[in-house]
Amino acid sequence: MGSSGSGCSIVWFRRDLRVEDNPALAAGVRSGAVVAVFIWAPEEEGHYFPGRVSRWWLKQSLSHLDTSLKSLGTSLITKRSTDSVSSLLEVIKLTGAKKLFFNHLYDPISLVRDHRTKELLTAEGIEVRSFNADLLYEPWEVLDQDGRPFSTFAGFWERCLTMPYDPEAPLLPPKRIVSGDVSRCLPDTLIFEDELEKGSNALLARAWSPGWSNADKALTLFVNGPLLEYSKNRRKADSATTSFLSPHLHFGEVSVRKAFHLVRIKQVLWANEGNRAGEESVNLFLMSIGLREYSRYICFNHPYSHERPLLGHLKYFPWVIDEGYFKAWRQGRTGYPLVDAGMRELWATGWLHDRIRVVVSSFFVKVLQLPWRWGMKYFWDTLLDADLESDALGWQYISGTLPDGREFDRIDNPQFEGYKFDPNGEYVRRWLPELARLPTEWIHHPWNAPECVLQASGIELGSNYPLPIIGIDAAKARLQEALSQMWQHESASLATNENGIEEGLGDSSDSTPIAFPQPDTQMEMDINEPVRNNPARRYEDQMVPSMTSSFIRAEDEETSIDLRISDNDSRAEVPSNRNLAEEARADPQQDMQMDRVDNNSNNHNNNNNNNNGFTEYGFSRGRRNSDDSTAESSSGGGRRERDGGVVPVWSPSSSTYSDQFASEDNNNGIGMSPSYLQRHPQSHQLLNWHRLSQTGSRVTPSPTRLSG
DNA sequence: GTCTCCTTGAA
DNA sequence: TCAAGGAGA
């Protein structure tokens, strides 16, 4: 313990559970003795307390990391906490550390927490530096020609692929770590699962191997194997040809940059060979990496995106609040075999093919018309790779609340999708044993099957397999009706507002939390459930909402963790040491964006009528300590000041930024911009006219004109 | 063959 | 929307 007390560094592990290509760890090692810390403070996550399978993964991954660290010369200090920052302070006191290094996260809770950490520790005289370990490019690096964030994935990704500099090359693992003095710092034993959960989790280890070196192996295997056929196979629900990297990526066990570089090498190789299929596969795989990047990008630029739609055009949509529907969906008893098979697979394994995620979530939003946040929360609770940013992006995409999202009023028919993704019905038969004997001809629409076929297959619709919960035609009709209701509400509200009457919840209806249903006591699964044997309570941890440890009451949910600044405020500032030219452009909105910690005091004027304790915080990544800008490069490139550099933070500054999504109304998410209208005139029917007229757009808010 | 209408896929 | 592709006139 060479340097006890003489200023060792804390390396704070979070979702970067690897020793390879870990810039924070590398910086720690470079600067001397290291104390590696993991703090388990799930209560800080509010609703988003990790689900059972996710906690299982974390447990394995931490133990794997600890083993690696031990072989390098130190070990992982684990702390159970309800407040990460005070736990850090405690560890710092006990070890005499003088520095703290960590890698960036981009979800809103982390941004607030990390900023607070930085402020408090800096005030204590601790040097705090943070790094990019999670993304190819930091969100603030990827901007359009006007220096603004992109609003569509295509633009964003195109820019990423044509950046003037490549993503940083991955770092090698340290050869050796000098351990700081942790003799006074007792690790806590972390409890990630109870006895019941242990039983449910027992089988997970057969299919998955958490831990960074396993992740590395999985990456290598994928790149040298299924990657080539990725494009061909991606439409098959049942194929084992996806990368299976997502849980590894979620916990940062594998570096996205490493994956990117490996895949790029293949791309060059295959391009030289003229292997079109291979190139196509690479592009598609990189695109899915890109979507992950984009999810962080969106979350950073719109930190409420896990709570609220980015587009406000569904503000008045009358969602169906029906827990019976919700339950049928969760249990895989909707009467649509592909949907049901997917939901049962999710239930049993915590995993779902990307295509099937689209199918079940689209069914949820369009056919059942349940509020998307319920579905997102259920995914959060059940997916092995549950990831707030990615899931928020996915559900918003499906719900059509992104500028480049799907059309809201187009319903996909699960029957046809069934024959597309599962043409032989194998997937359905695996997860719905009650349909196993049904001929392929009927497997995706048993309700059409002749009675004699059903009988021969041992199926009694409505008894051992449900009839469709709602017909697709009925769902379409209901959706149209709901949309016209929405327009009526919208115009009524517009009229009210024009009369100068403040509409009490006008700004919050879209975002008004439709509270999560009360937890069921159990799932009452009467289906064949392949993996378990103690029926009574085992599902409890998967209930939506699994908020047992949430400190947030349901009625407070939005105001507590929604961080509901007006979205003018919520757009982060440009880092103070970067992009100054862009910042300085003479655009009034940009000027407002320039408001800073120290000189802004009038930022709550933007009809932020749901002020609460949190609204005083603006979203700012800009206020960096001067030491931040002494960025050194841990990876030798040095072209960018990525390392030790820009910290995405919240600050008490409320930058009143408003980007090209004219969005002075704080609750409407992005709002629609004129350019969006030009690009997507078809979406006009879904627009919020009120907002349009406010944006200064020349578009006449007249549905007849626009829809014609 | 070519024009139109329709469906489908799409981040 | 928008592009692509199939069916049918």
Side-chain angles (χ1 to χ4, degrees), chain A residues 136 139 142 144 149-161 230-237 242-243 246 280-299 301-302 305-306 309-311 313 338 352-363 365-366 372 376 379 387 389-423 444 472-473 476 483 661 669-670 672-687 699 703 705-708:
Chain A
L136 300 176
V142 186
D144 68 14
F150 289 96
S151 55
T152 61
F153 173 70
F156 166 80
W157 189 230
E158 150 108 49
R159 178 74 186 135
C160 285
L161 291 175
Y230 187 77
S231 159
K232 206 175 85 191
N233 286 325
R234 86 202 137 106
R235 291 170 57 98
K236 294 186 194 151
T242 55
S243 71
S246 54
E280 168 95 337
S281 286
V282 165
N283 288 335
L284 277 166
F285 179 70
L286 288 180
M287 194 181 76
S288 62
I289 297 273
L291 286 166
R292 180 181 174 281
E293 298 269 312
Y294 191 55
S295 72
R296 271 74 180 152
Y297 187 78
I298 288 286
C299 232
N301 288 308
H302 307 282
S305 61
H306 62 303
L310 265 70
L311 292 182
H313 62 282
L338 186 64
L352 216 44
H353 189 290
D354 177 59
R355 286 280 132 187
I356 305 303
R357 294 185 197 203
V358 172
V359 169
V360 299
S361 55
S362 166
F363 185 86
V365 172
K366 312 271 179 87
W372 61 268
M376 191 182 111
F379 269 26
D387 182 281
E389 296 94 314
S390 291
D391 291 344
L393 182 71
W395 282 90
Q396 295 229 23
Y397 168 68
I398 294 299
S399 310
T401 55
L402 295 174
D404 50 356
R406 292 198 156 189
E407 303 266 297
F408 189 74
D409 56 353
R410 196 148 119 191
I411 290 184
D412 296 309
N413 190 324
Q415 173 186 337
F416 302 146
E417 295 190 307
Y419 287 106
K420 263 184 289 185
F421 304 138
D422 181 32
H444 291 297
I472 293 299
D473 288 340
K476 281 182 181 161
L483 286 171
F661 308 109
I670 283 181
M672 293 279 188
S673 70
S675 63
Y676 176 74
L677 288 175
Q678 279 143 24
R679 279 178 289 114
H680 300 268
Q682 145 281 339
S683 296
H684 292 173
Q685 51 187 327
L686 299 181
L687 289 184
V699 179
R705 178 190 155 209
L706 287 168
S707 57

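Both backbone and side-chain heavy atoms feed into the values below; hydrogens, waters and symmetry mates do not. Naming: A, B, ... by sequence-line order, numbering from 1 per chain.
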Interatomic distance, A:Leu393 CG vs B:dA10 P [rounded to whole Å]: 16 Å
Set out, line by line, the N/O atom pairs under 3.5 Å between protein and nucleotides 5-9 of chain B.
{"unit_1": "B:dG9", "atom_1": "OP1", "unit_2": "A:Lys420", "atom_2": "NZ", "d": "2.8"}
{"unit_1": "B:dG9", "atom_1": "OP2", "unit_2": "A:Lys420", "atom_2": "NZ", "d": "2.3"}
{"unit_1": "B:dG9", "atom_1": "N7", "unit_2": "A:Arg410", "atom_2": "NH2", "d": "2.3"}
{"unit_1": "B:dG9", "atom_1": "O6", "unit_2": "A:Arg410", "atom_2": "NH1", "d": "3.0"}
{"unit_1": "B:dG9", "atom_1": "O6", "unit_2": "A:Arg410", "atom_2": "NH2", "d": "3.1"}

For atom CG of A:Leu402 and atom P of B:dA10, their distance in whole Å: 17 Å
Gap between atoms CD1 and P, on A:Ile398 and B:dA10 respectively (whole Å): 12 Å
Pairs flagged by salt bridge (charged side-chain N to carboxylate O under 4.0 Å, His left out) wherever residues 393-403 of chain A is involved - sequence neighbours left out: none
Stacking check A:Tyr397 vs B:dA11 (5.5 Å / 30 deg): yes
d(CZ, A:Arg406; C1', C:dC2) in whole Å: 15 Å
A:Asp409 CG - C:dT1 C1' separation (whole Å): 12 Å
Rounded interatomic separation in angstrom, taking CE from A:Met287 and P from B:dA11: 5 Å
A:Trp157 and A:Phe153 aromatic ring geometry - parallel, tilted or perpendicular at 30°/60° bounds: parallel
Contacts of A:Asp422 that satisfy salt bridge (charged side-chain N to carboxylate O under 4.0 Å, His left out) - sequence neighbours left out: none
Residue pairs involving residues 285-294 of chain A (criterion salt bridge (charged side-chain N to carboxylate O under 4.0 Å, His left out); sequence neighbours excluded): A:Asp134-A:Arg292
Whole angstrom value for the distance that separates P of B:dA11 from CD of A:Glu158: 14 Å
Results of salt bridge (charged side-chain N to carboxylate O under 4.0 Å, His left out) for A:Asp391 - residues two or more places apart only: none
Non-neighbouring partners of A:Arg357 that pass salt bridge (charged side-chain N to carboxylate O under 4.0 Å, His left out), sequence neighbours left out: A:Asp385
